[in-house]
Amino acid sequence: MSTEKILLLDGNSLAYRAFFALPLLTNEHGIHTNAVYGFTMMLQKIMDEENPTHMLVAFDAGKTTFRHSTFGDYKGGRQKTPPELSEQFPYIRKLIDAYGIKRYELEMYEADDIIGTLSKQADEKGQQVVIVSGDKDLTQLATDKTTVYITRKGITDIEKYTPEHVQEKYGLTPLQIIDMKGLMGDASDNIPGVPGVGEKTAIKLLKEHGSVEDLYKALDTVSGVKLKEKLIANEEQAIMSKALATIETAAPIQISIDDLSYTGPNMEEVIEVWKELAFKTLLEKSDYISEESETTEVAFEIVEKIDSTILDKVMSVHLEMYDGQYHTSELLGIALSDGEKGYFAPADIAFQSKDFCSWLENATNKKYLADSKATQAVSRKHNVNVHGVEFDLLLAAYIVNPAISSEDVAAIAKEFGYFNLLTNDSVYGKGAKKTAPEIEKIAEHAVRKARAIWDLKEKLEVKLEENEQYALYKEIELPLASILGTMESDGVLVDKQILVEMGHELNIKLRAIEQDIYALAGETFNINSPKQLGVILFEKIGLTPIKKTKTGYSTAADVLEKLASEHEIIEQILLYRQLGKLNSTYIEGLLKEIHEDDGKIHTRYQQALTSTGRLSSINPNLQNIPVRLEEGRKIRKAFVPSQPGWVMFAADYSQIELRVLAHMSKDENLVEAFNNDLDIHTKTAMDVFHVEQEAVTSDMRRAAKAVNFGIVYGISDYGLSQNLDITRKEAATFIENYLNSFPGVKGYMDDIVHDAKQTGYVTTILNRRRYLPEITSSNFNLRSFAERTAMNTPIQGSAADIIKKAMIDMAERLISENMQTKMLLQVHDELIFEAPPEEIAMLEKIVPEVMENAIKLIVPLKVDYAFGSSWYDTK
DNA sequence: TGCGTCACG
DNA sequence: ACGTACGTGACGCAA
């Protein structure tokens with residue numbers, strides 16, 4: 001059997017399809033790009049799916065073809081190709097060449113004929129062929145070995161025509177498609193056919209008679225006087241039409257299948273075309289940044305020590321790690337750049353150089369870094385405290401635009417028009433294929449990064465100044481990076497034994513529940529598979545499906561809770577899920593993250609990731625340790641102070657987001673509520689339900705709380721109705737009552753959305769920005785989402801600003817008070833410390849003081865705190 | 001790798 | 001009419 005797979009594409013037809021399927025896009029030079037883009041998408045998809053060994057794109061050669069000698073008006077009356085499409089053909093050809101795909105055109109013949117001829121040759125050799133076109137005529141070429149793909153509305157949606165599929169669809173063989181065209185004609189090609197005979201009649205006649213020729217031989221048997229007359233009157237025209245519709249399978253082509261072998265794209269050339277056409281999404285998805293990275297040399301040397309002959313007062317430094325998990329990753333080496341020359345010191349000598357270590361520690365030596373937190377954390381492992389950080393590329397880029405959330409220097413640089421370096425993925429590979437190349441490659445890669453940091457510093461600082469964000473960057477994010485680095489390096493001690501014992505108990509319970517569930521279901525299955533569970537619940541047991549997901553029945557907790565009264569298995573499943581989550585994520589997951597050397601967990605805070613300005617925590621995530629349910633909360637017993645006799649001390653902001661909302665909206669009612677330190681949910685219930693404080697029931701307060709959440713999230717009646725399990729109308733009434741009671745909030749929400757539409761972005765108290773390009777979209781969903789984001793981001797982001805400022809003030813205060821207390825964790829609105837008992841009294845004073853005064857709002861900030869012998873006990 | 005689910009603020 | 005609450009990360013399953 002042949003392993004060859006031949007892909008034949010109809011270039012003209014596909015370009016037309018792409019052109020009309022996509023809106024007119026242009027690049028910055030005003031060249032239209034939609035057809036090229038659509039063509040590219042289709043090409044990528046089809047190559048991904050088919051893995052062809054041979055490929056050809058066939059084009060029509062010119063206006064006149066051999067068919068015109070049969071019928072002068074062939075394709076007559078057809079609209080001229082729009083100039084917006086014509087101008088794109090050169091780019092399509094260029095792209096095909098860059099992909100390394102053969103293309104071919106032949107005087108007097110159409111693309112169809114080239115494809116027909118080649119597919120016939122392949123077919124005869126028993127080779128597998130796939131034909132791709134937007135023109136259904138080509139389905140006549142389908143055989144056992146040849147499948148014809150026809151694009152369906154859009155460009156990447158494809159219908160596959162095998163002879164069987166043609167049969168199903170028309171009741172005809174592929175070759176009879178020609179006869180059908182002969183009878184019914186084809187308006188788009190100006191093929192006349194027999195007037196008055198359409199698709200249905202044509203198919204019916206062919207089913208009975210087989211072909212146009214046989215039909216005319218047996219005209220007597222055709223029923224219907226009119227039809228017979230029409231057929232007789234147009235016999236010649238029918239024969240001619242059939243000939244016109246027949247694809248030539250013996251065109252005098254000068255190429256053969258063997259010439260079409262496909263060995264893969266020249267990505268540099270492809271990228272070049274993409275860049276020319278500004279295909280941003282495709283460029284982003286590709287690992288290749290630019291061919292410039294291949295051409296522009298960066299001068300550097302690999303050194304055997306870093307000493308004063310290299311070091312200068314100002315340099316960019318980059319610690320090249322094997323991966324982003326710098327707490328455990330291997331250091332590969334250190335790159336330095338002075339803006340002209342680069343140096344690379346392999347890992348084994350880098351921190352061995354005394355000159356270099358003291359250079360790092362001396363604040364008068366200014367360093368430009370890509371990621372100061374990582375640099376400081378890794379240096380600290382080598383007992384070096386880095387000072388004099390003057391620039392942090394990662395943070396600067398993130399402040400300019402938080403949508404730039406990549407950690408990859410190349411990806412960041414690209415955003416600012418700097419292409420002279422490669423992504424980590426393209427140097428090391430990704431996934432299972434990841435491996436370190438030879439040291440010279442690593443050195444060059446790292447030096448390019450160091451150079452990029454140097455070259456981008458000024459540009460980014462100018463941007464920050466323009467946006468009035470320099471203070472946010474330099475006075476908040478940059479100092480915070482050092483603090484977070486210290487928190488990460490210090491880590492938090494976790495009592496392994498506590499987790500192990502909880503794990504044992506959980507496993508026993510889980511096994512028992514599992515057996516109960518199997519007994520109730522009457523069979524064993526994988527409870528963790530939503531798919532299998534759905535079958536058991538909704539098909540075997542016959543419960544009523546309430547909600548669906550893309551892939552089947554929803555078995556989410558809120559759905560199951562509604563079914564709990566229908567069958568006792570539900571309760572067991574919910575319990576199984578709850579305990580299973582604890583076991584897999586929080587027992588087994590956390591145990592895996594405990595470092596053997598110190599028994600601690602060292603999370604990593606991602607400081608340049610979220611679109612709102614919050615931090616995130618990974619490997620492991622310590623910002624989502626269970627607290628709401630007692631069983632889960634017990635996990636916190638394992639988080640203990642790192643020194644005997646010390647305590648955990650936790651402080652959290654009370655209602656910080658609603659206080660921020662009060663500040664920003666200046667709503668009098670809300671401001672007054674916080675000035676009087678009211679219970680805000682009770683106060684909201686009073687206003688929404690028009691009752692006195694004494695009359696507020698717990699249900700009313702719960703509803704009011706949900707309304708407050710809704711306000712912060714960017715309210716929608718549907719969302720609230722889902723959350724409270726009430727009708728949309730009731731939810732709408734709640735919202736209306738709320739906005740009438742807090743008119744300043746309504747005004748603020750309207751203004752913020754309006755402003756975002758004008759400027760394209762929203763800002764926080766410290767001038768953090770988030771761009772919302774979709775807020776002017778004509779797509780309702782995209783626009784609505786952007787509008788809710790516009791309402792939520794200033795609130796969530798300002799709260800993030802406040803706690804970040806508090807962390808900086810707190811770290812300073814601990815030093816100035818000469819305290820041993822360590823800040824360990826941040827969980828969005830709370831800070832967790834460990835402290836010697838003699839410092840508790842001081843903490844009780846300074847922690848609330850510092851946090852409450854981090855940033856002055858027009859309402860007071862309020863902080864609650866607690867301490868105890870584990871995180872669990874800080875309540 | 002994407003999806004569903006669920007933990008947190 | 002449209003179909004959604006905002007922001008995250010980790011796990012197991014099923015392609």
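Labels below follow one simple rule: chain letters A, B, ... track the order of the sequence lines, proteins then strands, and each chain is numbered from 1.
- Atom CG of A/Leu543 and atom OG1 of A/Thr555 lie 12.0 Å apart (nearest 0.5 Å).
- Heavy atoms of A/Ala800 sit nowhere under 4.0 angstrom from any nucleic acid atom.
- Residue A/Lys683 places its NZ atom among more than 12 non-hydrogen atoms of other residues, nucleotides or ligands, all under 6.0 Å distant.
- For the pair A/Gln606 and C/dG9, the criterion of a side-chain N or O lying under 4.0 Å from OP1 or OP2 is met.
- Under the Watson-Crick or G-U wobble criterion, with both distances below 3.5 Å, C/dA1 has no partner in any strand shown.
- Going from atom CZ of A/Arg788 over to atom P of C/dT4 covers 9 Å, rounded to whole Å.
- Across all strands shown, A/Gly710 has heavy atoms under 4.0 Å from base atoms, whether or not it also approaches the sugar-phosphate.
- A heavy-atom distance below 4.5 Å is found between the side chains of A/Met807 and A/Met487.
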All N/O pairs under 3.5 Å across the protein-nucleotides 10-12 of chain C interface:
| residue | atom | partner | partner atom | Å |
| --- | --- | --- | --- | --- |
| C/dA10 | OP1 | A/Asn619 | N | 2.9 |

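- A distance of 7.5 Å separates CG of A/Leu484 from CD of A/Gln826, quoted to the nearest 0.5 Å.
- Using a 4.0 Å heavy-atom criterion, one finds that A/Ile625 contacts the sugar-phosphate atoms exclusively.
- In this structure, the nucleotide among C/dT8, C/dG7, B/dG4 sitting nearest to the side chain of A/Thr549 is B/dG4.
- Side chain to side chain, A/Thr682 and A/Arg701 meet the donor-acceptor criterion of an N or O pair below 3.5 Å.
- For the pair A/Thr789 and A/Ser716, nearest-nucleotide mapping onto DNA chain C gives the more 5' position to A/Ser716.
- Note: A/Phe867 and A/Phe649 have parallel aromatic rings, judged against thresholds of 30 and 60 degrees for the angle between ring planes.
- You'll find a donor-acceptor pair under 3.5 Å spanning the side chain of A/Gln796 and the base of C/dC6, going by distance alone.
- In this model, the phosphate group of B/dT5 is approached by a side-chain N or O of A/Ser554 to a distance below 4.0 Å at OP1 or OP2.
- Base engagement by A/Arg728 is indicated by at least one non-hydrogen atom pair under 4.0 Å involving a base atom.
- A/His681 and A/Phe709 have parallel rings, their planes meeting at less than 30° on a 0 to 90° scale where 60° marks the start of perpendicular.
- Within the structure, a side-chain polar atom (N or O) of A/Arg628 is placed less than 4.0 Å from OP1 or OP2 of B/dG9.
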